[in-house]
Amino acid sequence: MAEYDYDLFVIGGGSGGVRAARVAAGDAGAKVALAEEDRYGGTCVIRGCVPKKLMVFASEFADTAAVSAAYGWDIKKGDFSWPTLRGNIENELDRLEGIYRRLLKNSGVESFDARARLKDAHTVELSTGETKTAKTILVATGGRPTRPDIENAELGIVSDDIFHLDALPKSILVIGGGYIACEFACILHGLGVKVTQYYRGDQILRGFDDEARGLVADQMRERGIDLQINTNIASMNGTKVGKPVNVTDTHGKDHVFDMVFFATGRAPNSNDLGLEEAGVVLGRGGKVEVDATSKTAVDSVYAIGDVTDRVNLTPVAIREGMAFVQTVFHDNPTEVDHDLIPSAIFTQPEMGTVGLSEEDARAQEPIEVYATDFKPMRTSFAGQPDRVLMKLVVSKATRKVLGCHIVAPNAGEMIQLAGIAVKMGATKEDFDRTVAVHPTMSEEIVTMKTPVRTA
Ligand code: NDP
C-alpha cells in the first residue's frame with residue numbers, strides 16, 4: 001500500500017496551481033489531486049486579467065468612433081449596454097472555467113470543489129470533512145484585494161466586485177495609483193463613467209520609469225480622467241454599495257460619488273490554511289516564505305504564485321509551477337529566473353516595460369538615454385492629442401539595453417517582442433542594426449540616433 005494517498009496535493013486552482021498539477025500528473029506521471037474552493041482559473045481567469053482585458057477592448061470603442069470621421073466613416077457613438085457586456089463576459093468565463101476543469105481531468109488530476117487546509121506537513125483537511133495525505137503539498141492560493149483601514153471602507157468596491165455590478169455608476173472615485181487603479185480608471189472612463197482618481201503620492205505607477213508614467217498620467221488627464229495626486233480619501237459615509245457615498249478628501253474637501261473603488265493593493269491568501277501550525281514561515285503581509293525553488297520552511301510543502309508575493313503576474317506563477325515540477329518530480333532543482341520580466345499596464349495608452357527605469361539604471365551605473373515622444377499617425381490624422389513614447393536606457397560601459405519603456409496603443413504587444421532582445425542582452429547597436437518596419441510606431445525603437453541625456 002502506498003505511503004500517501006497522492007504524490008502531490010495542490011491547494012488552489014488558479015494559473016499556477018492548475019499548471020503544476022497537470023504537468024506533474026501528465027508529464028511526470030504523478031498521482032495528483034487539487035482542491036479549489038471557488039471557481040477554477042483563479043484570479044487571472046475569473047476576476048482579473050481575462051475579464052479586465054475584455055473590458056479594455058469594450059472601453060476602446062468610444063475612441064474608435066471619435067477617430068473614424070477623419071477617415072470618412074460616419075460611425076455614431078451609440079449607447080453602451082453594461083448588461084450585454086457583463087453577460088458575454090460571464091459566458092466566456094464559464095467556457096474558460098470548463099476548459100480548466102477538463103485540462104485537469106484529462107491529465108488525470110482528481111479535483112475537489114472544496115477548501116483545503118494543512119493538518120500537518122503531509123495531510124490536508126477538506127471542507128467536505130475528508131482528510132487526504134500527500135508526499136508533497138503545493139500551496140497556490142493566490143491573493144485578494146485589500147481595503148484601507150478606514151471607517152465604512154466596506155461601502156467601497158474592490159476589483160473582484162466590478163465584474164458583477166448590476167449597473168455601472170455615473171461617477172466613481174478610484175483610490176490608488178497602481179496597475180489596477182490606473183487600468184480601471186481608463187476602462188470605466190472609456191465606458192462613459194465620470195472618473196476621479198486619488199493617488200496619495202507624487203505620481204501614479206510608483207516604481208516604473210518616471211518619464212513613462214508621467215506620460216500615462218498626462219494622457220489620462222487629457223482624456224478626461226480627474227486624476228488628483230498627493231490626495232487620499234480621509235473619510236466616507238453612505239448607506240450601501242450602489243448608493244451615493246459622501247467622501248471627504250485629505251485636503252478637507254467634501255464630494256459625492258456614486259461609487260468608491262479601492263485599488264489599494266493585494267494581500268496573499270495565507271490565512272487559516274494551517275500553514276504556520278505546520279511549520280511554514282510567513283513573512284510581511286502574510287506572504288509564504290520560500291527559497292529559490294519555491295520550497296517553504298517545511299521540506300514537503302512548496303508554494304508558488306501570488307501567495308509568495310514575489311512577482312505577482314500570471315506568467316510568473318506558471319513558470320514557478322513548471323519549475324516546481326522539475327524540482328520535485330524530475331529530480332532537477334530549478335530556480336525561476338525573476339530577472340527582466342516584461343509587463344504591460346493596460347491603461348489608455350498602454351505602457352509596456354522591461355528592465356530598469358532610467359532612475360534605477362542611473363543609480364546603478366553610467367547610462368545613455370534614448371527617447372522619442374511623438375503623435376501617432378492614426379489618431380494625429382484625426383486631430384487627437386494622443387502622444388506615444390519609445391525609450392531605451394543603455395549602459396555606457398557594456399552598451400546593453402538595460403530598460404525599454406513604451407507608452408503607446410498596443411505597447412503590451414510590442415514589449416513582449418522587445419523583451420526577447422533585452423533578455424538576450426542586446427546592445428543599442430543591435431537595435432540600430434535592425435531595419436525599421438515602416439510605417440509603424442515601434443520603428444522608432446530602432447531609429448533613435450543620439451542620446452537625449454547621459455548620466
Ligand atoms: P499595487 O500594489 O500595484 O498598487 C496599490 C496602490 O494603492 C498603490 O498606488 C499604493 O500607493 C496605493 N495604496 C496602498 N494602500 C493605500 C491606502 N491605504 N490608501 C491609499 N492608497 C493606497 O496593487 P494593485 O492592486 O494595483 O495590483 C496588485 C498587483 O497585481 C500588481 O502589483 C501586479 O503585480 C498585479 N497586476 C498586474 C496587472 C498587469 O500585469 N497588467 C494588472 C493588475 C494587477 P503607493 O504607491 O504609495 O504604495
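Residue numbers count from 1 along this sequence.
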Is the number of heavy atoms from other residues, nucleotides or ligands under 6.0 Å of [X] [atom1] greater than 12?
X: Lys135; atom1: NZ; answer: no
X: Glu130; atom1: CD; answer: yes
X: Asp149; atom1: CG; answer: no
X: Asp202; atom1: CG; answer: no
X: Asn91; atom1: CG; answer: yes
X: Phe61; atom1: CZ; answer: no
X: Lys396; atom1: NZ; answer: yes

#### Entry: From CA spacing to verdict: side chain to side chain donor-acceptor pair (under 3.5 Å), Tyr40, Asp113
CA-CA 9 Å; Tyr40 287 68; Asp113 292 354; 2.8 Å; yes

Spacing of [atom1] belonging to [X] relative to [atom2] belonging to [Y], to within rounding of 0.5 Å:
X: Leu138; Y: Glu320; atom1: CG; atom2: CD; answer: 10.0 Å
X: His189; Y: Phe184; atom1: NE2; atom2: CZ; answer: 15.5 Å
X: Ile229; Y: Tyr199; atom1: CD1; atom2: OH; answer: 9.5 Å
X: Thr347; Y: Arg213; atom1: OG1; atom2: CZ; answer: 13.0 Å
X: His122; Y: Tyr4; atom1: NE2; atom2: OH; answer: 3.5 Å
X: Leu118; Y: Thr296; atom1: CG; atom2: OG1; answer: 8.5 Å

Set of side-chain hydrogen bond (donor to acceptor under 3.5 Å, both in side chains) partners for [X], sequence neighbours left out:
X: Thr353; result: His405
X: Thr308; result: Arg310
X: Ser270; result: none
X: Ser395; result: Glu365, Thr398

### Message
Show, in sequence, the C-alpha distance, side-chain angles and deciding distance for Tyr179 and Ser343, and conclude whether the side chain to side chain donor-acceptor pair (under 3.5 Å) test is met.
### Response
CA-CA 11 Å; Tyr179 281 81; Ser343 78; 3.2 Å; yes

Ion pair [X]/[Y], N-O distance below 4.0 Å:
X: Asp337; Y: Arg319; result: no
X: Asp160; Y: Arg144; result: no
X: Arg453; Y: Glu358; result: yes
X: Lys391; Y: Glu211; result: yes
X: Arg223; Y: Asp386; result: yes

### Task
Sort and list the pairs that fulfil side chain to side chain donor-acceptor pair (under 3.5 Å) and have at least one residue in residues 20-30, not counting sequence neighbours.
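Listed once each, the pairs would be none.
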
#### Entry: side chain to side chain donor-acceptor pair (under 3.5 Å): pairs with one or both residues in residues 276-289, sequence neighbours excluded
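For residues 276-289, and leaving out neighbouring residues, there are no side chain to side chain donor-acceptor pair (under 3.5 Å) pairs at all.
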
Suppose we screen for side-chain contact (heavy atoms from CB on, under 4.5 Å). Which residues come up paired with [X], at least two apart in sequence or across chains?
X: Arg399; answer: Glu368, Tyr370, Val394, Thr427, Lys428, Glu429
X: Ala317; answer: none
X: Phe80; answer: Trp82, Leu85, Leu168, Leu191

Does a side-chain heavy-atom distance below 4.5 Å link [X] with [Y]?
X: Arg115; Y: Asp272; result: yes
X: Cys186; Y: Phe346; result: no
X: Val216; Y: Ile345; result: no
X: Thr43; Y: Arg266; result: yes
X: Arg387; Y: Leu215; result: yes
X: Asp7; Y: Thr136; result: no
X: Arg378; Y: Pro409; result: no
X: Met390; Y: Glu443; result: no

When you measure from the side chain of [X] to the backbone N and O of [Y], does any donor-acceptor pair fall under 3.5 Å?
X: Gln197; Y: Ile175; result: no
X: Asp161; Y: Val158; result: yes
X: Thr434; Y: Asp430; result: yes
X: Arg117; Y: Val124; result: no
X: Thr123; Y: Lys119; result: no

Mind listing the side-chain donor-acceptor pairs of residues 44-58 below 3.5 Å, one per line with the distance, residues two or more places apart or on another chain?
{"from": "Arg47", "atom 1": "NH2", "to": "Asp38", "atom 2": "OD2", "distance (Å)": "2.7"}
{"from": "Lys52", "atom 1": "NZ", "to": "Glu183", "atom 2": "OE1", "distance (Å)": "2.7"}
{"from": "Lys52", "atom 1": "NZ", "to": "Glu183", "atom 2": "OE2", "distance (Å)": "3.4"}

### Over-ring placement of Lys31 relative to Tyr6, 6.0 Å and 45° cut-offs
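Yes; both conditions hold, so Lys31 lies above the ring face of Tyr6.
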
### Message
With side-chain contact (heavy atoms from CB on, under 4.5 Å) as the criterion, how do Val280 and Val288 come out once you've worked through the C-alpha distance, each side chain's angles and the decisive distance to 0.1 Å?
### Response
CA-CA 7 Å; Val280 172; Val288 177; 3.7 Å; yes

### Task
Give the intermediate values and the outcome of salt bridge (Lys or Arg N to Asp or Glu O under 4.0 Å) for residues Asp299 and Lys295.
CA-CA 7 Å; Asp299 282 349; Lys295 189 163 79 176; 3.4 Å; yes

#### Entry: Pairs satisfying ring-ring contact (aromatic ring centres under 6.0 Å, His included), at least one member in residues 431-455, at least two apart
none

### Query
If you look only at pairs with a residue in residues 291-342, which of them pass as a ring-ring contact (aromatic ring centres under 6.0 Å, His included), with sequence neighbours excluded?
Tyr302-Phe324

### Task
Step by step, work out the side-chain contact (heavy atoms from CB on, under 4.5 Å) result for Leu103 and Asn106.
CA-CA 5 Å; Leu103 281 171; Asn106 294 344; over 6 Å; no

### Nearest heavy-atom neighbours spanning Ala153 and Pro148
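Between these two residues, the closest heavy atoms are CB-O, 3.6 Å.
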
### Check against side chain to side chain donor-acceptor pair (under 3.5 Å), Ser59 and Gln348
CA-CA 9 Å; Ser59 69; Gln348 286 164 28; 2.7 Å; yes

